Amino acid sequence: MSATGRRTRLRGRPLLHTSYASDLALFDTPAKRTSVGALLVLAVGLPFLLPDEVLQLLAVCCVAAIGAVGLGLVTGYAGQVSLGHAFFLAIGAYTAAAISGDPDGRVIGLGVTNILVWLPAAGLLAGLAGVLVAPLATRLRGLYLAIVTLGLVFIGQHVFSEWSALTGGAGVGRPAATLEFFGQPLAATGALGTRDQKLYWLMLLFLLVFALAAANLARSKVGRAFTAIRDRDIAAGVIGVNLARYKTIAFAVSSAYAGCAGALLYTVTGFFDPSSFSLLLSVQYIAMVLIGGAGTISGAIAGAFFITLLPRLTREMQAWVPFLSAQPNEVPNVFQVETILYGVLIIVFLIFEPRGLFGIWVRVRNYWKAWPFSY
Amino acid sequence: MTLTEPDPGTGTAPDRRTDPVDTDPDRQGDPVGADPILRFEDVRLHFAGVRAIDGVSFTVGRHELFAIIGPNGSGKTSIFNVLSGVYRPQTGRVVFDGADLVGRRPHVIAALGMARTFQNVELFANLTVLDNLLLGRHHHLGYGTLAALGWLGRARRAEIANRAAVEEIVDFLELERWRRMPVGLLPYGVQKRVELGRALAMEPKLLLLDEPVAGMNLEETEDMARFILDIRDELDIPIVLVEHDMGLVMDLADRVLVVDFGQVVATGNPAEIPHHPDVVRAYLGEVRPR
Amino acid sequence: MTELLESVLRGLGTGSVYALLALGFVIIYKATRVISFAQPAFMLAGAVLVTYLAGPVGFWLAVPVAALLTAGLALGVERVAVRPMVGRPAFVVAIITLGVDVAVRVVVNGFIGLDVRHVGDPWGLRTVAIPGTGVDLQQRHLGALLATTVLIAALFAFFRFTRMGLAMRAAAYDQEAALAQGVSVGAVFALAWGLAGGLAAVAGTFAAAGASVDAGLWLIALTALPVIILGGLDSLPGAVVGGLAVGMIQELAATYQQHAPWLGGNVSVITPYVLMLLVLLVRPYGLFGTREVERV
Amino acid sequence: MLQVRNLEVVYDDVMLVLRGVSLAVPPGGIVALLGANGAGKTTLLRAISGLLDVHDGAVTKGSVTLDGDPIHRLRPAAVVRRGVCQVMEGRRIFAELTVEENLRIGGHTAHRQIPARLDHVLGLFPVLAQRRRHTAGYLSGGEQQMLAMGRALMAEPRYLLLDEPSLGLAPRLVEQVRELIATINSGGAGVLLVEQNATMALSLATHGYVLETGQVVLDKPAEQLLADDDIREFYLGLGAAAGAGRRSFRDVKHYRRRKRWLS
Amino acid sequence: RGGDTETDESGLKTDVGVASEPCPEAVDKNKGCIYLGIISDLTEGPFRALAVPITDAQKAFWKRVNTAGGIGDYEVDVTRYIRDNKYNPQTHNQVYQEMKPNVLALAQTLGSPTTAAILADMKASNVVAAPAAWTSAYAFEDVIIESGANYCLESMNALDYAKEAHGVKSVLAVHLAGDYGDDAAAGAKLAAQSLGLTFNAVKTDSGADKQAGAIQAILSGRPDLVVLTMGPADAASIVGQAAARGFAGRFIGTSPTWNPALLQSAAAPALLSRYEQTSPWDSWGTDTPGHQALRAALGGVTPNDGYTSGWVWSYPMKAALTKAVADGDLTRAGLLAAVKSLTSVDYEGMLPSGAGNYAAGPNDGAVRVSAVYRPDRAAPTGVSQVRPLSAGPTAKAYALDGPCYAKL
Ligand SMILES: Nc1ncnc2c1ncn2[C@@H]1O[C@H](COP(=O)(O)OP(=O)(O)OP(=O)(O)O)[C@@H](O)[C@H]1O
Ligand SMILES: Nc1ncnc2c1ncn2[C@@H]1O[C@H](COP(=O)(O)OP(=O)(O)OP(=O)(O)O)[C@@H](O)[C@H]1O
Ligand SMILES: CC(C)C[C@H](N)C(=O)O
Ligand SMILES: [Mg+2]
Ligand SMILES: [Mg+2]
């Protein structure tokens, strides 16, 4: 964020901006800055409050959020509905795993374990794949594009499960990339903390970097061009937005995000198999973007946390629904309810708050702004 | 009044004020001049079975306010669509400031300096007035995607400079009150004005206005008339105006082109056009201009 | 030659299942501009209902009853989960239908229980020989083809000769404008979902005939997605042609894939998607789809 | 008699847009409703035709009655069946359907009479007859407006609600629309005409209302409105003095007299 | 962060997953509780028809153990931490992480790819697990206490049997991908080599719409024997279709390929006439003390060999826990040490004596016997025995020197 211009801000007049720079700042009011700051402190401090197992899950949330932010750029901002996110996640995951993999293992590995090599490579390769897909987006609209990108997932799954030299094959899988930085493991239990604590901090850091970059993009001319294409593409062209170019940029950036997310995602569990990159995964990412509130970065992040934590929550709910059987052979049992809840919560959410988690936030905020004069 | 700030994004924004305004040829005498901004030459545009434009030719001078009128479906909007690259005509030439436009894509034409408004408001309804105007300046921002991701010096400076440029337009069109409102929530008349602002933000060499006062009440129409005159007189941007409000056309235009069934019916100055028998028959009917 | 003919006929058999499913997708799309990802669940539900009903009432009665019940289920789902979303972005509604799919399938899976179930069809794996050709045709494929033909004829007549067809399309393009013309958009939606549910049930039955009903049956319904894109999202003839074409090409791919082992086993699973991509490169609105009108 | 009594409409549970509007359209009469953009004219029409739901709007007070029966709680289809038909602002034709299909939809509630009415409407609009099998979305703006009106006529309404029918029409067509409204009206249908083009509207109407920010501020027979100073200045663009001619847009001042009814 | 070693009154060392409070469903409220986790395929995955009875049987098994006095001063709970993996490695890992702080070991980890996703962590944290899978790689993992002949050895036995009984000369292995299918196919390949049969393999995927390629391969290759390694529905569709289209050879399915419901399918005639099934242990109706106890503990259920399997897989865990308590160390490390020192497990006759020798190393400890069954409508689980548990010459001679699947 900009430092210049902020000093010129007059105290006590939060909405008065005396320079365009401060007006353009990401967090342009003291209230926003305070709350974001507080949230950050809390996020960084969590490892001292939560058990490792939860931290691991939160690390997954952070990575998923990177992927969701990426999808949010192409789908939420640029309006190009993509069901192909799983495909790009896969490209990133396999690029990273192959580069950092053990050269003598069961599957392809180049043995370059430095994250500085495999993470950018994963982003780059996935981004390139996005560029290749982009021409489709310039020809197709709406649901046609959605189903065609879905086709990518199916074709990708076929290729990945056949190409066992790279992927280990369906039902086998391979180890994920190694979290190493110039030979130093980035997450290993040691004096400074457990593996999961470090993992969480690391992923949180990545999330912050990626989210910040996305927020920058969104407020730049690129982000505006995305929105223009989404809302009215003909008019966008007439005022000077190169449609083909910006759709390509949208897919490239989004896929690069997906690639990085894919590369990091499985380092948490250390293992993945080609069946992971299914329709379901794509759908989960779309759900993250929609539930969070399409067209906002923070919404995508919130959605990612929600969807990733949801199975965990529904499992916890087993305890609160006493009349249900925990016997898998009885109907209805908790395991069925867990899955049903997953579906139902998505439905309920979208029906009652179509603007997503972000919409809820806006409502709450507006309520307090208007208080005590609500309505 | 200056609309152009030195553009930090490109540094090479074409400056149309190199054209000295003082050497303006007498408007009544030769409105087109030796070097017209636009030549539309024998353009034909057919859709399966419909001849939207059927051999239309005209030229627009560098300081002209040129109006096109004609019955509904006579091809006025289609002419605009050809000009801005939305439609590609089957035959004919369109020369704009020395460049042939046929076959160029809309964003390329926009970068050449052609700006337009639309018959049905085509604003980005979810964006604020400021964002809509900033979008008009899209091709004046020269930084790339990577710079945008980092919001590094270049991108930041370019954005700040463009904000300043946009504020000029806000002032000019008296949009202060609505700057931060999503345009979808604004009254129709204001939306039309924002759309005009977006076109102005492009710093065009030629402005195309498609029915700028349709659906407006008298008051809003008067405001719009004022802005159109100011653009022409103060900013010295030539304008092509399509409008059904005869009062407005006759009061403002330097020359009027009348089309019907995609063909030219008549060209002339506002004083003579309303009395042209073909125009009366095809277009005006028995009503007198209001 | 026999091999070729036999695989084409098999392809038409599975293709007609796809066609029925695709018709359901297209009908819902035409009425609501939404792709209903709940179709797979309805297909499974229909097939499971048949497995329960075939015993007591016999296969021939079980199918129409199951189709009706599934149509009822679809109506209910529409009313509860989709109707409140009228006017919201199509994609959000699509995701809702995904949620419905997940939830309904879990319930239906509960009824499948642990064993595989059977629809009790009269054909099994028996074949009929086409006289003079040496070509064997499986009875179930013949049955599917006939049933599909009858249903499609009935549907087309319905859309052709009733004003409901037009009302459906109008409602799809502009719900408010349709309302203003006196079209009951709710009824249109309900009808579309009901029809689609019924078709899915029949499709499910034929997909399971000669095989079995298990939780994985729904995956077949996904093949209808490339089919509808291929045919054109809003084209009923497109759904039929696309379905048959995809069925045939899939079966041909399976028959001749051994000549291209490098493509991996089961290329037939992805041929619909490859075919879809190829067709779309040439025709962005599928074979028969309507071009979206865009004017400024 | 189509009657609106003390109507209040709220959007999104919060935005009060109509604040007690009353108005009456006698059978066979033409009533003009004037008012600035955003005054609530369209909202009023929606309240009558039952389309508020679609916009998250609701009638919170007052009533709309047709020959004494309340209709503001009915579904749009029921309202149409009772003979009240709205031509929406912005044409809203079905772009992907053909001209004829658009017209057929208009006859949805009375499908047996469709063939006869189709002939009737195509007779009224020869342009549409020519373009019968064309895709409606590619018609020009004026052609689409005719289609929208023709579509409403397919239901043979007793009351026709027209929302800015002259919007974007060429002068000759405005004149045609004017005549058309007169023809429709002479066929017995009552017309509620929402217009920005006050000249046209008042030349047709027997009675006029002026709506400002959700309230009726003027309510007079048409001749009296034509003579009203404010109407002359703000709606007709004429000099305040009776008989004064039209002022030129070149001469518009940058300051304005305040409207009397707002002060 | 959990896992601190404690010592109870009797001097037993414990760390994770062992509580001095009684189990939630304790038989004897005075005893402590050992928590074991179960991760299984309970709702959506391809093996749920097997997984649910497996899980049920395990619950019954441990209930019987508790009723019989538990393990030392403890009872065993396997009901509190049951989680669904949906046969998805990521989910498997997640629920594993979730239950890990609360359980001593895993009474069940179902599936090969899923278990592979947690194996590294299990090894790092000394978490012992009974698998629900028969991959040959488990012989090489100390933390996994497998039972019965692995897929590889089982298909060797299948080929030995087929050559002897039917005189087959050519074999086609149709198998799912992965450590499960590949392992069986590799066994078939090794056996074919040593028996001098022609061999081919074709990979297939799970799903009714995904068998076309396999069927075509059978029809064009026309082998004497097809060895099937996949889920029951897939097997039925392959057998039925191939027969309907004129294939006349025989089929043998390896372990979890059978399901009694297949006898109602359209493929039933083909199955009855030319399908056989191998199995690492005897089916539900067999007369051994173990089988009797199984039937007694699960009175009233529809017989299914998923129950049998769940039951058999539990014995080694019981033996290991007993041993660890006897050694005075019920920590995770203690349990692992107990496993490593186990030389035999009492399977109550369900497996031959000597089975469960984890101390002996992969090759010497491997169980090599399989039984052969054929479909039979009269039998409780739809199959009746053709050949009792025995090891064929190939399996006997084979030196298990690494996971078989690597040799496909
Ligand atoms: N994309 C298109 N496809 C087919 N026909 C088209 C298309 N665009 C325009 N037309 C046809 O071309 C003719 C001219 O249309 P155009 O929109 O240019 O008229 P216009 O003069 O702007 O009318 P109006 O004053 O009503 O806006 C019309 O008949 C219209 O139907
Ligand atoms: N769906 C809606 N939700 C919220 N507010 C609305 C909605 N529709 C209209 N409004 C608001 O209600 C007010 C009246 O709108 P309405 O469309 O009825 O005005 P109008 O007189 O028809 O204007 P115009 O001349 O522009 O058509 C406006 O301020 C508008 O912003
Ligand atoms: C018992 C079965 C569910 C195990 C499965 N076949 C696997 O190895 O993955
Ligand atoms: Mg036009
Ligand atoms: Mg209005």
Side-chain angles (χ1 to χ4, degrees), chain A residues 75 79 81 83 135-136 138-148 150-159 161-163 232-235 237-238 279-280 283 286-287 289-291 294 328-329 331-333 335-352 354 356, chain C residues 29 33-35 37 41 80-82 84-85 88-107 109-111 113-114 219 222-223 225-226 228-230 232-233 262-267 269-270 272-277 280-281 284-286 289 292 294-296:
Chain A
T75 296
V81 174
L83 277 175
L136 283 175
T138 55
R139 290 183 60 82
L140 306 175
R141 348 192 92 254
L143 291 165
Y144 280 91
L145 181 62
I147 305 289
V148 168
L150 176 74
L152 281 184
V153 173
F154 281 91
I155 294 171
Q157 255 200 316
H158 177 77
V159 172
S161 56
E162 290 298 323
W163 191 1
R232 294 179 185 267
D233 53 354
I234 295 185
V238 170
L279 166 65
L280 184 71
V283 167
I286 282 284
V289 171
L290 288 184
I291 284 194
N329 58 340
V331 180
N333 61 49
F335 305 103
Q336 293 169 337
V337 170
E338 170 190 323
T339 319
I340 293 179
L341 263 181
Y342 185 80
V344 167
L345 276 178
I346 288 179
I347 299 173
V348 168
F349 228 95
L350 291 178
I351 288 183
F352 291 106
Chain C
Y29 181 79
R33 298 271 115 174
V34 165
I35 290 186
F37 287 99
V80 173
V82 180
M85 299 300 288
R88 298 265 157 70
F91 208 72
V92 177
V93 187
I95 298 298
I96 291 208
T97 61
L98 265 168
V100 170
D101 181 66
V102 170
V104 171
R105 269 195 295 118
V106 177
V107 176
N109 284 350
F111 284 96
L114 296 178
L219 285 165
L222 286 183
T223 312
L225 290 173
I228 54 178
I229 295 294
L230 192 70
L233 259 181
W262 49 272
L263 283 173
N266 284 327
V267 265
V269 176
I270 58 162
Y273 292 95
V274 176
L275 188 66
M276 165 186 88
L277 276 177
L280 282 190
L281 284 179
Y285 290 90
E292 226 173 276
E294 284 183 291
R295 272 207 59 173
V296 285

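Residue numbering restarts at 1 for every chain, and letters A, B, ... go by the order of the sequence lines. These figures come from a predicted structure and were not determined experimentally.
- In this structure the side chain of C:Phe37 never reaches within 4.5 angstrom of the side chain of A:Val283, judged on heavy atoms.
- With a 4.5 angstrom heavy-atom cutoff, C:Val93 does not touch chain A via any of its atoms.
- Residue C:Arg105: no heavy atom, backbone or side chain, is found under 4.5 Å from chain A.
- Heavy-atom distances place both the backbone and the side chain of C:Val100 under 4.5 Å from chain A.
- Atom CD1 of C:Ile96 and atom CG of A:Leu290 lie 9.5 Å apart (nearest 0.5 Å).
- Only the side chain of C:Leu98 comes within contact range of chain A, with at least one heavy atom under 4.5 Å from a heavy atom of that chain.
- Using the six-membered ring where Trp is involved, A:Tyr144 and C:Tyr285 have ring planes that are perpendicular, over 60° apart on the 30 and 60° scheme.
- Residue C:Val104: no heavy atom, backbone or side chain, is found under 4.5 Å from chain A.
- Both the backbone and the side chain of A:Ile155 have a heavy atom closer than 4.5 Å to some heavy atom of chain C.
- Taking each heavy atom of A:Ile347 and C:Ala81 in turn, the nearest pair found is CG2-CB, 4.0 Å.
- Closest non-hydrogen pair, A:Leu143 versus C:Ile229, comes out as O-CD1, 4.3 Å.
- Annotation: the span from C:Leu263 atom CG to A:Glu162 atom CD amounts to 9.0 Å, rounded to 0.5 Å.
- Contact tally against chain C (heavy-atom pairs below 4.5 Å) for A:Val159, A:Leu280, A:Ile340, A:Val348: the top residue is A:Ile340.
- Contact of the C:Leu280 side chain with the A:Leu136 side chain is not registered, since no non-hydrogen atoms from C-beta on lie closer than 4.5 Å.
- For the pair A:Thr75/C:Phe91, no side-chain contact is recorded, criterion being any heavy-atom separation below 4.5 Å from C-beta on.
- Looking at A:Ile147 and C:Met276, their side chains come closer than 4.5 Å, going by heavy atoms from C-beta outward.
- Contact annotation for A:Leu279: only side-chain heavy atoms (C-beta onward) come within less than 4.5 Å of a heavy atom of chain C.
- With respect to chain A, the highest number of heavy-atom pairs below 4.5 Å among C:Val102, C:Asp101, C:Leu233, C:Val269 belongs to C:Leu233.
- Both the backbone and the side chain of A:Val148 come within contact range of chain C, each with at least one heavy atom under 4.5 Å from a heavy atom of that chain.
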